[in-house]
Enquirer: 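Quick one: the structure is below, questions incoming.
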Number of protein chains: 2
Amino acid sequence: MKIINSRSDCPISYSLDIFGDKWTLLILRDMMLSEKRSFSDFLNSPEGIASNILVDRLNILHNQGFVTKEASLLNKSKFLYTLTEKAIDLVPVVIDLIEWGEKYNSKREPKSILTKVVKNKARAIKEIQENLRKKTGQQEVSK
Amino acid sequence: MKIINSRSDCPISYSLDIFGDKWTLLILRDMMLSEKRSFSDFLNSPEGIASNILVDRLNILHNQGFVTKEASLLNKSKFLYTLTEKAIDLVPVVIDLIEWGEKYNSKREPKSILTKVVKNKARAIKEIQENLRKKTGQQEVSK
DNA sequence: AGATAGTTATTGCATTTTGCAATAACTTAT
DNA sequence: ATAAGTTATTGCAAAATGCAATAACTATCT
């Protein structure tokens with residue numbers, strides 16, 4: 001297990017020690033906001049993560065307790081990752097990043113989630129989180 | 001000016017393209033939650049950022065419009081950085097990171113800001129932001 | 001005036017991380 | 001049997017980071 005050495009006892013520093021990079025939060029995003037749950041799902045996301053980086057980040061997320069990992073019952077060569085409470089508690093961060101990114105990316109116009117979020121952010125966060133909690137222990141429904 | 005190429009049109013991806021690393025948000029944290037405003041202030045933060053990295057990140061923050069840069073009137077060899085609205089809009093992200101980090105860093109017990117935040121987060125965020133906006137255009141009061 | 005300290009960088013070099021392409025090992029589908 | 005799907009691993013080049021030394025300038029002190 002890779003050791004993460006903390007730079008200070010600041011909670012922000014602690015957070016960034018774990019997921020302060022360009023990829024980790026995108027994997028969590030996939031699991032939070034899409035139905036993505038497997039290696040290949042993440043590999044096919046539009047940003048185009050390299051497979052060696054993906055392996056590395058998934059191991060970190062697993063070792064640090066952000067996700068559980070279990071074999072798919074429908075496909076024995078496939079693993080399903082599921083968010084733990086530790087990761088579900090990051091939903092507010094992700095939502096805030098969406099809100100900020102939508103506002104300051106001039107090349108893009110506001111979309112689906114934002115309008116919903118901005119109207120009642122606290123409610124939207126709670127809905128997403130409750131929905132994610134239902135997935136705990138669930139397998140795929142279909143291929 | 002360093003060019004940041006975007007990996008996708010996802011707002012989270014856009015955000016991480018700019019500040020998805022281990023240092024940038026710590027500099028913003030210093031400006032948001034402490035009275036830190038200068039190169040040496042950031043250099044002396046507990047995490048121990050290297051001066052070449054700090055130069056690089058401050059340039060990015062400046063070029064991307066997160067901070068303004070002006071000479072100190074009390075010390076001509078010193079520059080004062082001030083957060084713009086673009087950065088002040090990241091206060092919610094930073095507060096959420098504090099909240100999450102406080103909760104999951106087992107080596108640390110809850111402190112000052114958290115208790116205040118958890119009770120009424122929306123209010124706390126607004127207060128911090130309003131306070132930061134007052135600093136716009138302000139010089140140092142004393143050395 | 002000269003020495004010391006403060007402030008913002010730059011440089012060089014070793015180490016680490018990332019990016020990219022090929023490929024492996026195994027399972028599933030045709 | 002062959003091809004396709006899935007999760008990795010490997011090798012190598014490129015980029016980013018970490019660290020120490022030092023530069024250039026300003027401020028302070030005696």
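A, B, ... follow the sequence lines: proteins, then strands. Residue 1 opens every chain. The shown structure was predicted, so the numbers you read here are calculated from the model rather than taken from an experiment.
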Enquirer: Just to confirm, is there a sub-4.0 Å distance from OP1 or OP2 of D:dA24 to any side-chain nitrogen or oxygen of B:K76?
Expert: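 Looking at the OP1 and OP2 atoms of D:dA24, neither is under 4.0 Å from any side-chain N or O of B:K76.
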Enquirer: Minimum heavy-atom separation for B:R57 and B:T24, please, with both atom names.
Expert: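 Closest approach of B:R57 to B:T24: CD-OG1, 3.4 Å.
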Enquirer: Does B:K78 have a side-chain nitrogen or oxygen under 4.0 Å from the phosphate oxygens OP1 or OP2 of C:dA5?
Expert: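 Checking C:dA5 against B:K78, no side-chain N or O comes under 4.0 Å of OP1 or OP2.
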Enquirer: Give the minimum heavy-atom separation between A:P11 and B:E102, together with the two atoms involved.
Expert: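 In this case the closest contact between A:P11 and B:E102 is CB-N, 3.7 Å.
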Enquirer: Side chain of B:N75 only, please: which of C:dT28, C:dT18, D:dT26 is the nearest?
Expert: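 Among the listed nucleotides, the one closest to the side chain of B:N75 is D:dT26.
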Enquirer: In whole angstroms, how far is the P atom of D:dT26 from the CG atom of B:L74?
Expert: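 Between P of D:dT26 and CG of B:L74: 16 Å.
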Enquirer: Could you walk me through whether B:S72 and B:N75 pass the side-chain hydrogen bond (donor to acceptor under 3.5 Å, both in side chains) test, one step at a time?
Expert: CA-CA 5 Å; B:S72 164; B:N75 183 337; over 6 Å; no
Enquirer: What is the separation between atom CG on B:N5 and atom P on C:dT18, rounded to the nearest whole Å?
Expert: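 The distance from CG of B:N5 to P of C:dT18 comes to 16 Å, rounded to the nearest Å.
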Enquirer: Atom CZ of B:R37 and atom C1' of C:dG6: how far apart are they, to the nearest Å?
Expert: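 Checked: the CZ to C1' distance equals 19 Å.
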Enquirer: Whole angstrom is fine here: how far is it from CD1 in A:I60 over to P in D:dA8?
Expert: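 Those two atoms, CD1 and P, are 14 Å apart.
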Enquirer: Please tell me which of the listed nucleotides, D:dT7, D:dA8, C:dT27, lies nearest to the side chain of A:S77?
Expert: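 Among the listed nucleotides, the one closest to the side chain of A:S77 is C:dT27.
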Enquirer: Rounded to the Å, how far apart are A:L61 CG and D:dT7 P?
Expert: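 So the CG-P distance, A:L61 to D:dT7, works out to 15 Å.
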Enquirer: Any ion pair linking A:E47 and A:K22 (charged N to carboxylate O, less than 4.0 Å)?
Expert: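 So A:K22 does not pair with A:E47 through a salt bridge.
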Enquirer: Nearest heavy atom decides the nucleotide; on that basis, is A:R7 or A:F79 closer to the 5' end of DNA chain D?
Expert: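 Looking at the nearest nucleotide for each, A:F79 comes out on the 5' side.
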Enquirer: Any salt bridge between B:K135 and B:E35, counting N to O under 4.0 Å?
Expert: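 Yes, charged N to carboxylate O under 4.0 Å.
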Enquirer: Please report the shortest heavy-atom distance between A:V67 and A:M31, naming the atom on each side.
Expert: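 For A:V67 and A:M31, the tightest heavy-atom pair comes out as CG1-SD, 3.9 Å.
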Enquirer: Let's see if you get this right: which residues in residues 39-59 of chain B place a heavy atom under 4.0 Å from DNA chain C?
Expert: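 When residues 39-59 of chain B is checked for heavy atoms under 4.0 Å from DNA chain C, the hits, listed by number, are B:F39, B:S40, B:S51, B:N52, B:V55.
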Enquirer: Using the side-chain heavy atoms of A:W23, tell me which of these nucleotides is nearest: C:dT18, C:dG19, D:dT6.
Expert: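 Looking only at heavy atoms from C-beta outward on A:W23, the closest nucleotide is C:dG19.
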Enquirer: At what distance, to the nearest 0.5 angstrom, does OH of A:Y104 lie from CZ of B:F66?
Expert: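 A:Y104 atom OH to B:F66 atom CZ measures 9.0 Å (nearest 0.5 Å).
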Enquirer: Measure from CG on B:L26 to C1' on D:dT17 and round the result to the nearest Å.
Expert: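 So the CG-C1' distance, B:L26 to D:dT17, works out to 15 Å.
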Enquirer: I need the CD1-P distance between A:I4 and C:dT16, as an integer number of Å.
Expert: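 Going from CD1 in A:I4 over to P in C:dT16 covers 16 Å.
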Enquirer: Between P on D:dT7 and NZ on A:K36, what's the gap in Å once rounded to a whole number?
Expert: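 Distance, rounded to whole Å: 13 Å.
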